[in-house]
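Notes to accompany the following structure.
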Amino acid sequence: MEQLNELELLMEKSFWEEAELPAELFQKKVVASFPRTVLSTGMDNRYLVLAVNTVQNKEGNCEKRLVITASQSLENKELCILRNDWCSVPVEPGDIIHLEGDCTSDTWIIDKDFGYLILYPDMLISGTSIASSIRCMRRAVLSETFRSSDPATRQMLIGTVLHEVFQKAINNSFAPEKLQELAFQTIQEIRHLKEMYRLNLSQDEIKQEVEDYLPSFCKWAGDFMHKNTSTDFPQMQLSLAVEQQMDCSSVPIVMLPKIEEETQHLKQTHLEYFSLWCLMLTLESQSKDNKKNHQNIWLMPASEMEKSGSCIGNLIRMEHVKIVCDGQYLHNFQCKHGAIPVTNLMAGDRVIVSGEERSLFALSRGYVKEINMTTVTCLLDRNLSVLPESTLFRLDQEEKNCDIDTPLGNLSKLMENTFVSKKLRDLIIDFREPQFISYLSSVLPHDAKDTVACILKGLNKPQRQAMKKVLLSKDYTLIVGMPGTGKTTTICTLVRILYACGFSVLLTSYTHSAVDNILLKLAKFKIGFLRLGQIQKVHPAIQQFTEQEICRSKSIKSLALLEELYNSQLIVATTCMGINHPIFSRKIFDFCIVDEASQISQPICLGPLFFSRRFVLVGDHQQLPPLVLNREARALGMSESLFKRLEQNKSAVVQLTVQYRMNSKIMSLSNKLTYEGKLECGSDKVANAVINLRHFKDVKLELEFYADYSDNPWLMGVFEPNNPVCFLNTDKVPAPEQVEKGGVSNVTEAKLIVFLTSIFVKAGCSPSDIGIIAPYRQQLKIINDLLARSIGMVEVNTVDKYQGRDKSIVLVSFVRSNKDGTVGELLKDWRRLNVAITRAKHKLILLGCVPSLNCYPPLEKLLNHLNSEKLIIDLPSREHESLCHILGDFQRE
DNA sequence: ACTCTGCTCAGAGGA
């Protein structure tokens, strides 16, 4: 009762004080720091701190009194009293806390004898970071931020190996012979061999040094194991040198000379580039972080999480655990109640395995190797067969690590005082004019001339120019690959030529699939290459060339064999994020080729460039730029790719203008909208190609019967093979959009699209030749649901996803249609529109509401052109309804 | 106002 009064008193007091603080500010802090925290009581309690008061209690000691709540409405307040050392916890209003201990009459008492308070319970920080912050808070933060700045050393490798041997010995034996054996085993593991390669250390050296420590392991085991030694431990002296906390965030004066010294090789422009990108990357990672909700994995039961599709619960382990090697265990799981539920989990996804029981949280992590209706096969880093067979497991998709580490690492590397970084700074930040040599004869080895000439024969003129420019370059070349101009073939040919000349090549791209597309072509020419990266992400036909597969098949256990593998290859291929591989610490390539370069953000694109003398960026800045979520970062210029930035140096640019995809009518749209007439067809065959519909005559007859085909200009506009382009205006139908939380959609457009698709299929078009494109995911969902009833196999995807690919027939649903002139972001980008209209080879059908779309400048330009060509046709009122009947009639036959 | 792909991890030692 006394406590209750105290609470009331405190609340009264503190709330009046609190009221003077702007409530908005408090709310902002809560939303910004803890966007997804669901307040609750019980085992996983999460309290919001409303007020903090430091008071003297009756004994004259200091205590902190927190007014806290676990209810979302912020009513039902409780009191938490922190005594003794707990008083120093820097808890503030707006913080989230977890409490352990007793709560009586809505009051928690946490003191030296009982209870715990955990500040920010859903934030994960490593033990190392905490420990290092004791000496210097700034250092701890910086080394968390710039993770790659701490280079690997011999001492670290020895330390890691010794730790591992020690851990193995704990489960095994500390007998000298056994330790010897374990040590020998450990230094043969591929990951340690890779580290030795990175550090240029010999296996014997490492073995010798590791062995020197083994006797002390024996001694330790003799002294401390299997004895009751609780009182025998030597007294350890703890001495802490704690850096004085600074009042302000600025740098201490004593540091200034050091900073000056470390940055004297940098110009002002370099420092500005560095801080701008740091800022943009930080903003962007905050936007990404806000979308994550990692705490669900420990706060939400599997049955709840399953609904999101990123979790599978109630799993039991089947059969034996197959030991692939140390640290890789193949597990089979099945659902206790039968089939695997509907899930987003796919082969290659990273997962965390926990027990359904809370005490078995995060037992192991690894990859999904295979998933089907009944079984999930996972490659895990721990062997779970030590647990009882009846253990129920859950599988959670690991939250994607929104990678700020790699770009920040690359950015700081760009600032280093090395030859490579200086050259890149000159070229990239200061726009130094790229240099070229004058004569091919000085780069072409004599014996390669015939081979190169022969390869060049198969190319068109701009492609040959591109090859020549690359060979002559001393710094970089930019290849603009307009839609359908055969970028992949061009890169493949370039690699063949460089290979023939004896140059070493690093081949990278943004996505795994783009890397593999080039390699699939390359494989036909018997060019040896090494594909780096997770084997599960690699195309099956390429997997035999991955490091993991080669090491397995050749059972590589010595450094000499590994070095042989790394040195025998001229071509190394990986994604531009996969540059942490040890091979890059020892090798310098003659050329680095970056595919999809216009879609990669600058600090990511930089990564592979550090390891080559010259580079080639291939892309098209008239297509989609790197995606940036954060509005502020976007406004600061974060979506400018390196390709776009360097494109102003025209002397380095070659344009591939001859395209083999679109017929001339389709091509002309993009020529009008973006390329100013530069695009041309590769041949008459390409220019005149039209769709071939085997059963078109029959379908036409039926349409004549049900819908007066020849009196219906819009049907002819859509279906006649000789009309490759057609815009259907839905204004009169009408077809209004729906705006929901999940995105924008348009059911009427979806129905029309599905009708048209089914007629094309009926007329003999293979569903895999048809592509349906919409700017919004929500629209894809609706179209997919409608299609599922009739035709599968038709690929429905966003504009962004269709970049780089094509289909014979493409139907585009523009979705936006409203009277109030509301305009979305997506269609404002003319590059997105350019991609959408350049995917079709033979037939392009555009569907949308003309008056609404005219509010978007890029679309207005396109529509004006289409209008002048008489390619816009109005759909009659309520047409989608009559079409449904027609479709019904068709299907009844 | 809704578009997207990458990536072990934490702590191995030194100061």
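Labels below follow one simple rule: chain letters A, B, ... track the order of the sequence lines, proteins then strands, and each chain is numbered from 1. Keep in mind it's a predicted model, so treat the numbers as computed, not measured.
Side-chain contact between A:L395 and A:C378 is present, with at least one heavy-atom pair separated by less than 4.5 Å.
A sub-4.0 Å separation between OP1 or OP2 of B:dT3 and a side-chain N or O of A:R831 is absent. For B:dT5, the OP1/OP2 oxygens have a side-chain nitrogen or oxygen of A:K801 closer than 4.0 Å. Of the side-chain N and O atoms in A:R816, one or more sit less than 4.0 angstrom from OP1 or OP2 of B:dC2. Taking only side-chain nitrogens and oxygens, A:R777 comes nearer than 4.0 Å to OP1 or OP2 of B:dC4. Note on A:T822: every side-chain N or O is 4.0 Å or more away from OP1 and OP2 of B:dA1. A:H192 has no side-chain polar atom (N or O) that falls below the 4.0 Å cut-off from OP1 or OP2 of B:dA12.
The side chain of A:T160 has B:dA12 as its nearest neighbour among B:dT8, B:dT5, B:dA12. Each of B:dT8, B:dG11, B:dT3 was ranked by its minimum atom distance to the side chain of A:R365; first place goes to B:dT8. Which of B:dG11, B:dG13, B:dA1 sits closest to the side chain of A:E825 comes down to B:dA1. In this structure, of B:dG13, B:dG6, B:dC9, it is B:dG6 that holds the atom nearest to the side chain of A:T511. Distances were taken from every side-chain heavy atom of A:V744 (C-beta onward) to each of B:dT5, B:dC9, B:dC2; the shortest belongs to B:dC2. Distance from the side chain of A:T128 is smallest for B:dA10 among the nucleotides B:dG14, B:dT3, B:dA10. For A:S126, taking side-chain heavy atoms from C-beta onward, the closest of the listed nucleotides B:dC7, B:dT3, B:dG11 is B:dG11. Distances from the side chain of A:T798 to the nucleotides B:dG6, B:dA12, B:dC4 place B:dC4 closest. Closest to the side chain of A:Y510, out of B:dA12, B:dG6, B:dT5, is B:dT5. Listed nucleotides: B:dG6, B:dG11, B:dC9. Nearest to the side chain of A:T575: B:dG6.
Residue A:T153 is classed as having no contact, given no heavy-atom separation below 4.0 Å to the nucleic acid. At the heavy-atom level, A:P626 lies nowhere under 4.0 Å from the strands shown. The residue A:G743 sits apart from the nucleic acid: no heavy atom pair falls under 4.0 Å.
Ring geometry for A:F643 against A:H621 counts as tilted: the plane angle lies between 30° and 60°, on a 0 to 90° scale.
Taking atom P on both B:dT8 and B:dC4, the two are 23 Å apart, rounded to the nearest angstrom.
With rounding to whole Å, A:L162 atom CG is found 11 Å from B:dG14 atom P. In this entry the distance linking CG of A:L379 with P of B:dT8 reads 15 Å, nearest Å. Here B:dT5 presents its C1' atom at 12 Å from CD of A:E284, a figure rounded to the nearest Å. Atom OH in A:Y776 sits roughly 10 Å away from atom P in B:dA1 (whole-Å rounding). Between the C1' atom of B:dA15 and the CD atom of A:Q155 lies a distance of 12 Å, rounded to the nearest Å. Taking atom CG on A:N818 and atom P on B:dA1, their separation rounds to 13 Å, with Å as the unit. When rounded to the nearest whole Å, the span between CD of A:Q738 and C1' of B:dA1 equals 16 Å. Atom-to-atom, CD of A:Q534 to P of B:dG6 comes out at 13 Å; the value is rounded to the nearest Å.
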Note to self: Run A:T186 and A:E164 through side chain to side chain donor-acceptor pair (under 3.5 Å) and show every step you take.
What the structure shows: CA-CA 8 Å; A:T186 306; A:E164 220 162 279; 4.8 Å; no
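Using modelled atom types and a 3.5 Å distance limit, the side chains of A:S129 and A:E144 yield a donor-acceptor pair.
Ion pairing between A:D800 and A:R832 holds under the 4.0 Å rule for side-chain N and carboxylate O. Ion pairing of A:R191 with A:E195 is absent here, as no side-chain N (NZ or NE/NH1/NH2) approaches a carboxylate O to less than 4.0 Å.
Both the sub-6.0 Å distance and the 45° axial angle are satisfied by A:R805 relative to the ring of A:Y802.
With sequence neighbours left out, the salt bridge (Lys or Arg N to Asp or Glu O under 4.0 Å) criterion links A:K828 to A:E825. Residues forming a salt bridge (Lys or Arg N to Asp or Glu O under 4.0 Å) with A:D516 (at least two apart in sequence, or on another chain): A:R531.
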Note to self: Counting Watson-Crick and G-U wobble pairs with both distances under 3.5 Å, what is the dot-bracket string for DNA chain B, 5' to 3', using [ ] for crossing pairs and | for pairs to another strand?
What the structure shows: ...............
